[in-house]
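Worksheet: one structure, shown below.
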Amino acid sequence: MRVSEIDLVSPSSVDKCLYMLRDHDKTFRLLAGGTDAIVQMKDGKRIPDIWINIKNLTELRYIREEKEGIHIGPLTTHTDIVKSELLQKKADVLVGASMEVGAIQLQNMGTVGGNIGTASPAGDTIPALFVLDAQIELSSFNEKRTIPINEFFTGPGKTVQKQNEMITNIIIQPQSENEIGIFEKLGPRKAQSISIVNVAITLRMGSNPRECLEGKIAFGSVGPTIIRSKKCEKMLALGPLDDTAIQDIAGAAWKEVMPISDVRASAKYRRSMASALLERGLYRLMNRWDAR
Amino acid sequence: MKTFHFKVNGEEVSVTCPPTKTLLDVLRDQLDLTGSKECCGKGECGSCTILLGGDSVCSCLVLAGQTENVSITTVEGIGLTTKMDVVQQAFSDEGATQCGYCTPGFIVTARSFLNSIDYIPTDDEVKTALGGNLCRCTGYTKIIKAVQTAAQIQQAEKAPS
Amino acid sequence: MSKEVKDVQKLENQQQLKWVGKSVKRIDGPAKVTGEQKYKTDFNYPNMVWGKVLRARYPFAKIKGIDTSKAEAHPDAVCVLTHKDIPGFNGFGIVTPDQPVLCEDVVRCTGDAVALVAAESLEAAEEAINLIEVDYEPLEPVTDAEAAMIQGAPQLHPDGNIHSHVTIVNGDIDKGFEEADFIFENTFYSPRQMHAFIETEGGWGKLEEDGSLTIQCPAQYGHRDKLQIARALALNPERIHVYSSPNGGGFGGKDEITVQIYLALLAQNTDGRPVKIHLSREESVIAGIKRHPFKVTVKTGAKKDGTLIANKVRAVADTGAYASLGGAVTALAIEHASGPYKIPNVDMEGFCVYTNNGIAGAFRGFGVNQVCVGIETHIDMLAEKTGLDPIEIRKKNAYLQGDRSSLGHVVSSSVGTIETLMEAEECDLWVNRELYKSQVSEPWKKRGVAAATSFHGVGMGIGTPDYGAATIELLKDGRFKVGVAIEEIGTGNGTVYAQVAAECLRCEVDNIAVIQGDTKETLDSGTISASRSTYTGGRAIATAAPNMITLLTEAAAEILNVSKSEIELADNKLIVAGDESQSVNYKQIYEKLYEQHRSMRVEGHFYLPREKKELKNSGGAPHHLYGYMTHVVMVEVDTLTGETDVLHVVAIPDVGKVLNPQGLEGQSEGGAVMGIGYTLYEDILIEEGYHKTKNFTDYIIPTIRETPIIETIPVESNEKSGPFGAKGIAEVVMIPIIPAIMAAIHDATGARINHLPATPERIYKAIQETKKQTLVSR
Ligand SMILES: Cc1cc2nc3c(=O)[nH]c(=O)nc-3n(C[C@H](O)[C@H](O)[C@H](O)COP(=O)(O)OP(=O)(O)OC[C@H]3O[C@@H](n4cnc5c(N)ncnc54)[C@H](O)[C@@H]3O)c2cc1C
Ligand code: FES
Ligand code: FES
């Protein structure tokens, strides 16, 4: 198929979009910010018959707090996330992740739905969504279902989303008053870089100095999908998070990840970096906490 | 082929082309606005940066089919030699352009950054704002300075005298 | 000495310079910041066609047949060309034309061109290219330069895989090592750096109605490109017009032919329709030349008191499939491999070797980047061993003007090494380094400060003709048109040309119109490379100016009815000496000359001075003139991850004379950041002849977020032969920063990285290894 022959349609509502997706004769792909999809098209990968341009579906671009959590529309851009006071207060780890995406132009264009849709093991918002216990709402013309994020991805670039479905909502659990989070990324440089390893951490702190009641840790780029580090999470609550405890916890991380080697880094280095980023993240979190 | 209507630098235009043609190619080939450049075509370099409804975006990753009714500003819309914008004047005065191929992209990104602030930014703030634009010639030092100079002039112009 | 030269020197000696030495704003600034500047790849013609190149599928293979019939049958194809369609010589290359324009029987790298297509659209051109069927017999690629040198390795070229071998021997190396108290020996590996100019290779070709050819293509030596095109097309070069300025960046990467010959061939087959080629970044990565990766083994002997006594160097350069300027790069590397020092015993050799790893060629620094790390690292090791100050060791060993260098020749041109080192010693970063090092931003980070010094030849060296030429023409409105063929590639040389011309002609800079990169209107003035363009072009203008003044004086004398000797040059006019009231301006002179049908154009020619005797087997050493430089840098290393930030750079170039402070700083800052990229981030990875690095997603150049604080402190050593005392600096500005960063990483962490780029992974590994060593030694 010639690129110049691909059609592009811009449905005016989510319903119309879902109606189009029912059609099985043609291949469709959703086009949000296009920062992944168009790059793929230019590389000759995953070229559809028709692009469904959803960029203008403003009904899918929102951030609002409701009873069961904070709702984030899939067309919310990284810039929207970075600027949201609600998220700065109640999901700092996600704000941190969106701030690390590419650079300003990419943050203005790229959406959180697209980041999830691409399902890259290096996608920066995904570990943050993991530690915020995100639920992904998938809609088709006739149905709606909600999938916990840890069941959403099935492999690199692969998700449980069906051809006739799209992401219509993302619900995260807000961080409470005594919860702090951080997103740590290691890339080849500071801007415009694909994560070699990244990690999202949230901690619920107690009233004693550096007392951690509970925590969540999710690593990106060290396995086919995001890896929750259950062992390290358990260790977080074993005692005050002083430097020795942090080093012990970080030291355990490399056992929980399963990276590969590629042009960007060797598996061995990635493994060590899972520990290093966790260590760095915990130091930084504790400094912030001490300062509070 | 389809026809799309949108606004460029304040003027209504209509363009007939395949919907998958990039906005960058439309601007350069069909509207003779060659200030925006293609260097990577993949969102990495920022030399194709334009403002789309006020936000800086990479026009190499926007398709013509997505432009219906939008409003676009290119470097030419920010200012021409006959009447340069303060940010352009500052880049020229501070020596923030060398080969100049990256410069239009920087001007657009910097303009959009300066639109969003009303103070003189620190080095780090400028760096965060311009991280999506690559320059191989200048080493960026004079670009940082130029953005700060432009902010200063902008402040002075705004201040009630 | 001729009268003209004396005149110029008189001018130069005048204390009060109006333009030279001032931060005159770039003359092309406004056009560039508004997007009005048209680059060659910005042009558009209504009846155009698109050109596309078929690149080789394999890094090394025999071609058994090429079938273009399907491509020709493509409805939108305009022409399909192969080697059979080349009217002249099927090859190009600046020195050795060993690269086929279109391969006939063998391909030697994946950047090789096999066929060309012109079509109605880019998409159609790509489709047609994909319809060309090439029958290949793949061969085992040669992927390692040293392996390529072994007897029995597959041969890439008829004369074998060693393209060139240069040596420089001085003194008695064995005796030197015998006398040494310390000996250091290490092997260094350098990256395959990409120029990464923001404008990729591209341009236009058009066959004019009169049968002449017009090529518009950003390039670094239009006059030479013209000859290379003429050779391939068997055409009179005077029938080819090349427009090659401005460039969206060059850095040496547009010194060799890029797409000019393809454009010319296609243009001859499209019925006069203009043809455009503009490489995608991906194609540019594969087909464009790169910096030569080197393996350099250096052994240095020194005495306890810090005297360097012996230096042995063996360098192997991977030039990829073709020579381009590989021989010259290797020669320059060897000429500079012992640093700006007077080491009495040296034995240096370099090999330039063919492999199937893409193609390497000219790149800012031209081999010196790769070799400077050896001697500079060893000096730091010596400082560590002896407790001597590293800058003092350098000062002790640096040669002065009039001294004998390590090469054994007496350096008669200006030498500023000591001055740059003294500035380094006195700069705040160095003086207060312990304080700055203690101010780490987070406790697990470590800082290091280090200095390094280096040098770089200006101009071509012996054996390559090196001349400059300029024209000055009086225009109707009393302004002057200054023509210098040397292209604008970003350096701002056009602005310096205007400054020099305005200074010499005593007019306003605004009254100078500079034209560059136009083979029709300008005289051949050599390349924009070898740090020569300011020096050579500026000097040529300063040589042409007296001729213009003579012309003006004659006309003024006639108009004012006085003798020539009574006429004096004043600001923007000529006057009768001592009587301001009797004057003529340049516009009046134009009118007078026009009436009399007299020529209003003068020329100036300039030969670069050079040494009389070439060092045997050196491939062109020594140069007459060198630029010297010291860098002081501070880095901060995250010991958890190996990530390294360069925080602060003090750049101290010896520039002879500053012609434009803003332009100088621009070069210094750009060079420093390119040096940071080289040292920490950049490398085109090739495995088994195939590029693993494909585009800007994986090729990491520094962004604005990586840029440090950069201070530039120029040192002026006044070079007699240069315009107003200036010499070139465009390359040396990226050189000493490389070993300086390496040493600063060591200062911070104790780890030495001899394999660049020093990526976080390499630094992390090295830090882990030093930890292990300290465990063992305890
Ligand atoms: C230069 C550059 C730098 C980048 N840097 C980073 C980085 O640092 N970190 C990072 O994580 N990513 C990075 N990216 C990737 C990309 O920008 C992000 O993944 C971004 O969030 C994608 O959003 P989008 O709206 O542009 O997606 P699109 O490209 O529009 O879509 C991506 C995929 O998601 C699907 N999709 C989009 N919306 C939906 C939906 N509502 N429901 C279901 N499927 C949907 C699309 O069909 C497509 O398959 C970078 C990309 C570029 C070009
Ligand atoms: S060309 Fe669009 S970002 Fe590089
Ligand atoms: S000025 Fe040349 S790339 Fe920025």
Side-chain angles (χ1 to χ4, degrees), chain B residues 28-29 32-45 47 74-76 78-82 84-85 87-107 123-124 126-144 146, chain C residues 23 25-26 28-39 41-44 195-200 246-251 278 280-282 488-492 660 662-663 665-674 676-677 695-697 699 701-710 712:
Chain B
R28 287 176 59 83
D29 302 348
D32 198 31
L33 292 167
T34 54
S36 314
K37 310 292 183 203
E38 175 151 341
C39 146
C40 71
K42 302 278 170 72
E44 297 285 348
C45 75
S47 41
T74 69
V75 67
E76 293 93 342
I78 287 175
L80 295 174
T81 44
T82 42
M84 288 201 271
D85 181 73
V87 83
Q88 292 170 319
Q89 189 68 51
F91 266 64
S92 183
D93 288 348
E94 299 285 356
T97 180
Q98 289 188 19
C99 84
Y101 208 76
C102 70
T103 309
F106 272 98
I107 295 290
D123 285 12
D124 276 344
V126 178
K127 287 180 176 190
T128 307
L130 299 185
N133 290 78
L134 297 178
C135 172
R136 191 56 156 169
C137 297
T138 63
Y140 305 105
T141 311
K142 299 206 179 309
I143 293 178
I144 298 173
Chain C
S23 281
K25 305 275 172 287
R26 287 185 70 115
D28 51 1
K32 285 180 172 174
V33 299
T34 53
E36 286 172 35
Q37 172 76 63
K38 287 272 182 197
Y39 296 82
T41 47
D42 287 338
F43 289 112
N44 236 327
H195 305 76
F197 27 66
I198 301 298
E199 181 189 34
T200 55
N247 284 231
F251 314 110
H278 194 178
S280 67
R281 182 59 60 184
E282 284 75 6
E488 152 61 15
I489 62 172
T491 62
N660 184 326
Q662 192 182 69
E665 282 169 18
Q667 282 297 304
S668 163
E669 290 155 6
V673 172
M674 196 179 253
I676 291 171
N695 51 32
F696 271 180
T697 309
Y699 191 76
I701 69 171
T703 71
I704 197 168
R705 295 186 62 183
E706 276 72 44
T707 209
I709 295 168
I710 305 171
T712 303

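Reminder, nothing fancy here: chain letters follow the sequence lines and each chain counts from 1. Bear in mind the structure is a predicted one, so any value in this text is a computation, not a measurement.
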message: Given heavy-atom pairs under 4.5 angstrom as the criterion, report whether the side chain, backbone, both or neither of C:E706 touches chain B.
response: neither
task: Under 4.5 Å heavy-atom distance to chain B, tell me which part of C:S280 shows up: side chain, backbone, both or neither.
output: neither
task: For B:Y140 and C:V673, indicate whether the former's side chain and the latter's backbone hold a donor-acceptor pair under 3.5 Å.
output: no
field: Residue pair B:V75 / C:V33: nearest heavy atoms and the distance that separates them
entry: CG2-O, 3.7 Å
field: Segment of C:A672 engaging chain B (4.5 angstrom heavy-atom cut-off)
entry: neither
Heavy-atom donor-acceptor pair, C:R281 side chain to B:C39 backbone, under 3.5 Å: yes
task: Output, in order, the C-alpha distance, side-chain angles, deciding distance and verdict of side chain to side chain donor-acceptor pair (under 3.5 Å) for C:K25 and B:S92.
output: CA-CA 7 Å; C:K25 305 275 172 287; B:S92 183; over 6 Å; no
message: Could you report the tightest heavy-atom contact between C:N247 and B:C99, atom names first, then the distance?
response: O-CB, 3.4 Å
statement: Cut-off 4.5 Å, heavy atoms of chain B, and the answer for C:S23 is neither
- request: Answer with side chain, backbone, both or neither: which region of C:E36 has an atom nearer than 4.5 Å to a non-hydrogen atom of chain B?
  value: side chain
query: Considering only heavy atoms, which portion of B:D123 lies under 4.5 Å from any heavy atom of chain C: side chain, backbone, both, or neither?
result: neither
Under 4.5 Å from any heavy atom of chain B - which part of C:H278: side chain
query: What part of C:I489 lies closer than 4.5 angstrom to a heavy atom of chain B: side chain, backbone, both or neither?
result: backbone
- prompt: Quick one: what part of B:K42 sits under 4.5 Å from any heavy atom of chain C, side chain, backbone, both or neither?
  reply: side chain
field: Heavy-atom pair count under 4.5 Å with chain C, highest-scoring of B:E44, B:E76, B:M84
entry: B:E44
Exam field: side chain C:T707 to backbone B:G139, donor-acceptor pair closer than 3.5 Å: yes
- request: Give the minimum heavy-atom separation between C:T41 and B:Y101, together with the two atoms involved.
  value: OG1-OH, 3.3 Å
- request: Identify the two heavy atoms, one from B:R136 and one from C:A196, that lie closest to each other, and give their separation to 0.1 Å.
  value: CG-O, 3.4 Å
field: Nearest atoms (heavy-atom pairs only) where C:Y39 meets B:G100
entry: OH-C, 3.1 Å
query: Side chain, backbone, both or neither: which part of B:L33 has a heavy atom under 4.5 Å from chain C?
result: neither
task: Ignoring hydrogens and angles, tell me if any N or O in the side chain of B:Q98 forms a donor-acceptor pair with the backbone of C:G249 under 3.5 Å.
output: no
query: Considering residues at least two apart in sequence or located in another chain, which fulfil the salt bridge (charged side-chain N to carboxylate O under 4.0 Å, His left out) criterion with C:D42?
result: B:R28, B:K37
query: Please walk me through it: do B:L134 and C:T703 pass side chain to side chain contact (heavy atoms under 4.5 Å, CB included)?
result: CA-CA 6 Å; B:L134 297 178; C:T703 71; 3.8 Å; yes
field: Contact origin within C:Q37 toward chain B - heavy atom pairs under 4.5 Å
entry: backbone
task: List the atom of C:E669, the atom of B:T138, and the distance in Å for their closest heavy-atom pair.
output: CB-O, 3.4 Å
task: Report the residues that fulfil ring pair (Phe, Tyr, Trp, His ring centres under 6.0 Å) with C:F251, sequence neighbours left out, ordered by chain and then residue number.
output: none
